[in-house]
Amino acid sequence: MEFTAKQISEFIGGKVIGDENATVHTFAKIEEGMPGAISFLSNPKYTHYIYETKSTIVIVNDDVAFEKPVAATIIRVRDAYESIARLLQLYEANKPKKTGTDSLAFVSPDAKIGNNCYIGAFAYIGSGTVVGDNTEIYPHAVICDGVEVGNNCKIFPNVTVYDGCRLGNNVTIHAGSVIGADGFGFAPNADGYDKIPQIGIVTIEDNVEIGANTCVDRSTMGSTLIRKGVKLDNLVQVAHNVEIGENTVMSAQVGIAGSTKIGAWCMFGGQVGIAGHSKIGDKTFLGAQSGVPGNLKGNETLIGTPPMAPRAYFKSNAIFRRLPELYKQINELQKQLDELKKKNSIC
């Protein structure tokens, strides 16, 4: 399917500079552009590619200034990144959807499957499970007994959803993720550890996306809760009884210990760690590898372990790098002080 620059500009609310009849049929990164492709430029570091790209159309921000002629047709918009995202969403929505149940899938006789669903080969749908309309369950996914899956969900290969868990509408779970495995609950005794049964579930609300190989543990009692609009990257660990507020996003390898409450609209960089039973307020922004030992009030940007304001962190880090030099200076001063004390005692 082909689209002209004029059609694209009307869809994203842009202004065409160049040939409004130029057509494209695919997407490409600006540095890997090709004829018939549309690219975008939002990061100033990539500006030099605009003069050499082979892409037919390039979407750019309104404030981009060109130092020399550009061969591609340009579409100027308020936010190039947002505009390309809208186009990619349109492209994805128009891709043909799989439907039907593969003959090699197992669906329990008492499971309820909605309209226009897809269940791939070797997928397993357990007893009493309910799957909503237009949901896609890919090969080797395991949906255990008594699970509820909403409408328009995508469960990719090798995902496992344990008994009793609840998934809302428009939920996407990528390959290898595990929803509802036991929380890490053990009580020490004289001989080792007694396992504490984890009898709760996981509840995932609408419009949540969970990356590959991420684990969300079931609660000891009640429910681990992922609120609507949350986005979790790959390799994220969410422990038992955790609650993550609406529209919070977490990058790869974030770890949230048990019974922690995360507010709405938070953003955590890669490898952030949160101690158990903490309460993190709304709109908390944590830089990569921050370690949080306790509560945070919210509406602040922090980095480091323990977290501090970025300016204070970078000042502290600059001093930390000089510690060997400062240690040497302190030793020299101590020697001089000892010599002065020795001379004074002789006098």
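Along the sequence shown, residues are numbered consecutively beginning with 1. Note: hydrogens, waters and symmetry copies are ignored here, and every other heavy atom, side chains too, is used.
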Between Arg218 and Asp163, is the salt bridge (charged side-chain N to carboxylate O under 4.0 Å, His left out) condition met? List the steps. CA-CA 10 Å; Arg218 70 196 306 111; Asp163 292 357; over 6 Å; no
What do the steps show when you test Lys29 against Glu32 for salt bridge (charged side-chain N to carboxylate O under 4.0 Å, His left out), and what is the final call? CA-CA 5 Å; Lys29 295 189 290 187; Glu32 299 174 359; 3.4 Å; yes
Working for side chain to side chain contact (heavy atoms under 4.5 Å, CB included), residues Leu232 and Val249: CA-CA 6 Å; Leu232 304 181; Val249 296; over 6 Å; no
Check against salt bridge (charged side-chain N to carboxylate O under 4.0 Å, His left out), Glu243 and Arg227: CA-CA 8 Å; Glu243 180 177 336; Arg227 295 288 188 186; 3.5 Å; yes
Please lay out, stage by stage, how Glu148 and Arg166 fare under the test salt bridge (charged side-chain N to carboxylate O under 4.0 Å, His left out). CA-CA 5 Å; Glu148 292 183 9; Arg166 304 286 184 263; 3.6 Å; yes
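Inter-residue side-chain proximity for Asp233 and Leu235 is flagged as unmet; no heavy-atom pair is nearer than 4.5 Å. Two residues are said to be in side-chain contact when any heavy atoms from C-beta on lie closer than 4.5 Å; Val142 and Val161 fail this criterion. Looking at heavy atoms from C-beta onward, Tyr162 lies in side-chain contact with Val178 at the 4.5 angstrom threshold.
Looking at Glu92 and Arg86, no side-chain N of the basic residue comes within less than 4.0 Å of a carboxylate O on the acidic one, giving no salt bridge. Classification of Arg78 and Glu82 as a salt-bridged pair holds, one side-chain N sitting under 4.0 Å from a carboxylate O.
A donor-acceptor contact closer than 3.5 angstrom is absent between the side chains of Asn169 and Asn152. If you check the side chains of Thr224 and Ser219, you find no donor sitting under 3.5 Å from an acceptor. Looking only at atom types and distance, the side chain of Gln237 has a donor-acceptor partner in the side chain of Asp217 under 3.5 Å away. Between the side chains of Thr4 and Asn21, no donor-acceptor pair of N or O atoms lies under 3.5 Å.
The CD atom of Glu205 lies 5.5 Å from the CG atom of Leu225; values are rounded to the nearest 0.5 Å. Here the straight-line distance linking atom CG of Asn134 with atom NZ of Lys154 works out to 11.0 Å at 0.5 Å rounding. Between atom OG of residue Ser42 and atom CD1 of residue Ile59 there is a gap of 10.5 Å, rounded to the nearest 0.5 Å.
Of all non-hydrogen atoms in Ser127 and Asp110, the two that sit nearest each other are OG-OD2, 2.8 Å.
Both Phe268 and Val292 belong to a single network of hydrophobic side chains, linked directly or stepwise wherever heavy atoms of I, L, V, M, F, W or Y lie under 4.5 Å apart. A single hydrophobic cluster is seen to contain both Val58 and Phe66, as judged by linkage of ILVMFWY side chains at heavy-atom distances under 4.5 Å, directly or through other members.
The distance between the ring centers of Phe3 and Phe11 does not fall below 6.0 angstrom. Aromatic ring centres of Phe186 and Phe184: separated by under 6.0 Å.
Of the options Lys342, Gln334, Lys335, a side chain to side chain donor-acceptor pair (under 3.5 Å) to Asp338 is made by Gln334 and by none of the others.
A perpendicular orientation is assigned to the rings of Tyr91 and Phe27, their planes being inclined by more than 60° (bins at 30° and 60°). Using bins of under 30°, 30° to 60° and over 60° for the plane-to-plane angle, the ring pair Phe156/Tyr138 lands in the parallel bin.
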